[in-house]
J.: 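First the structure, then my questions, so here it is.
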Amino acid sequence: MSLSQKKEYEYPCLEIDLTKLRENVAAMKALCEKQGIEMAGVIKGFSGILRCAREYEKAGVSYIASSRLEQLAAVKKDGIKTPTMCIRISMLSEVQDLVRVADCSLQSEIAALSAVEQAAQEAEKIHDVILMVDLGDLREGFWTLEQLTEAALLVENDLPHVHLLGIATNLGCYGSIEATPEKMSELIEKAEVIEKKIGRKLKYIGGGATTSLPLVINRKMPPRINLLRIGEAAIYARDLPDFFHLPLPFLHEDVFVLKAEIIEKKVKASHPIGNITVDAFGRRHEYEDRGMRMRALAAIGKVDYGDPFDLIPREAGVEIIGASSDHTILDIENAERDIQIGDIIEFGVRYGTGVYLTNSPNVKQYFIEK
Ligand SMILES: *Cc1c(COP(=O)(O)O)cnc(C)c1O
């Protein structure tokens with residue numbers, strides 16, 4: 001391969017198909033809409049890349065959402081008109097930025113709500129909040145109904161610059177808890193207690209994230225749930241088919257493709273030679289002895305993507321066997337192609353690798369569009 005050919009792209013890189021992303025977001029939005037559910041499109045799964053966020057606006061999601069204010073600030077600065085939602089409960093130290101760059105936020109602490117009130121008052125704005133309810137996944141959210149209603153009444157009656165938009169939950173993040181119709185009903189019951197106390201309907205009851213989509217797909221979502229915060233299913237579209245046995249044939253799972261360059265190719269032993277201690281990250285491993293094998297090194301490593309086993313080789317017979325900070329070790333003994341030094345090898349990406357890859361300054365980004 002000549003140098004000029006190689007220079008078309010710099011490696012490693014992500015090739016990002018904006019058309020496929022827009023189609024995924026639009027398909028996800030349509031799926032939710034049919035059941036009366038609005039979609040907050042979450043952009044943190046690709047570190048808020050602006051060209052991707054613009055596709056969310058084109059697809060017409062109700063909110064563009066992220067856990068990081070930096071990403072929402074960039075969205076606002078870009079002139080994107082879709083309202084923004086901050087989905088990580090706020091640090092007290094960021095509420096001034098919050099009311100500037102987010103139209104809405106998730107909250108679960110009285111102290112933060114009071115700080116938001118102060119910041120919104122100073123900025124002469126009304127900031128919308130959704131109170132989080134912990135239904136057992138054990139991350140953010142009010143734990144008791146008393147705490148939840150106390151906060152709701154505080155916002156409703158005593159915080160004039162904070163508007164209570166609704167309540168929501170998050171499942172399947174820390175505690176790996178499944179979204180079930182029972183969990184959703186519990187959330188709706190709590191919303192209805194609040195509605196009684198404040199004497200009006202809440203605009204939103206938020207049923208969660210991608211992990212709540214099986215209820216929508218299987219038509220088991222109770223009708224009062226009317227907001228979901230969706231990232232992964234629209235971006236990578238791999239978690240539901242791979243972990244929940246729920247194929248999503250109407251979505252593209254190759255919006256992001258990782259390309260890396262081969263820098264070594266040799267026949268080597270498959271079991272290390274000498275006393276085995278720990279790897280570059282201080283971990284102990286078992287190494288299977290498969291005899292002498294054709295192996296290749298790709299110039300990309302854990303620093304760029306986290307866990308090598310979360311990458312998906314796109315070529316038959318290419319197997320990932322490990323990685324260090326800057327090298328990925330491949331077994332290519334059974335590769336269908338005669339892989340050479342300087343060749344480019346492609347991998348599919350999922351949430352766990354995509355969040356790192358899109359955040360690495362060493363991984364270039366190239367956009368394609370139909
Ligand atoms: C990350 C996150 C989401 C989006 O999750 P996906 O799995 O990408 O759909 C939604 N809500 C909250 C609170 C989050 O932190």
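Computed from heavy atoms alone, side chains included, the values below leave out hydrogens, waters and symmetry copies. Just so you know, ligand 1 is whichever comes first in the structure, and atom 1 is the first atom listed for that ligand.
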J.: Looking at Asp242 and Arg350, does any basic side-chain N land under 4.0 Å from a carboxylate oxygen?
T.: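 Salt bridge between Asp242 and Arg350, a charged N being under 4.0 Å from a carboxylate O: yes.
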J.: Look only at the side chain of Ser62 and the backbone of Ala40, and say whether a donor-acceptor pair between them is shorter than 3.5 Å.
T.: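 Pair absent, no side-chain N/O of Ser62 close to backbone of Ala40.
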J.: Pairwise, report which nitrogen or oxygen atoms of ligand 1 are under 3.5 angstrom from protein nitrogen or oxygen atoms, and how far apart they are.
T.:
| residue | atom | partner | partner atom | Å |
| --- | --- | --- | --- | --- |
| ligand 1 | 8 (O) | Glu232 | N | 2.8 |
| ligand 1 | 9 (O) | Thr210 | N | 3.1 |
| ligand 1 | 9 (O) | Thr210 | OG1 | 2.5 |
| ligand 1 | 9 (O) | Gly231 | N | 2.8 |
| ligand 1 | 9 (O) | Glu232 | N | 3.4 |
| ligand 1 | 11 (N) | Arg229 | NE | 2.8 |
| ligand 1 | 11 (N) | Arg229 | NH2 | 3.4 |
| ligand 1 | 15 (O) | Lys44 | NZ | 2.7 |
| ligand 1 | 15 (O) | Arg139 | NH2 | 3.1 |

J.: Distance-only criterion, 3.5 Å: show the donor-acceptor pairs between side-chain atoms of residues 67-76 and protein atoms not counting sequence neighbours.
T.:
| residue | atom | partner | partner atom | Å |
| --- | --- | --- | --- | --- |
| Gln71 | OE1 | Ser66 | OG | 2.7 |
| Lys76 | NZ | Asp103 | OD2 | 2.7 |

J.: Just one of Arg224, Lys201, Lys197 clears the salt bridge (charged side-chain N to carboxylate O under 4.0 Å, His left out) bar with Glu192, so which one?
T.: Arg224
J.: Return the orientation label for the Tyr351 and Tyr236 ring planes: parallel under 30°, perpendicular over 60°, tilted otherwise.
T.: perpendicular
J.: Are any non-hydrogen side-chain atoms of Arg337 and Asp343 less than 4.5 angstrom apart?
T.: yes
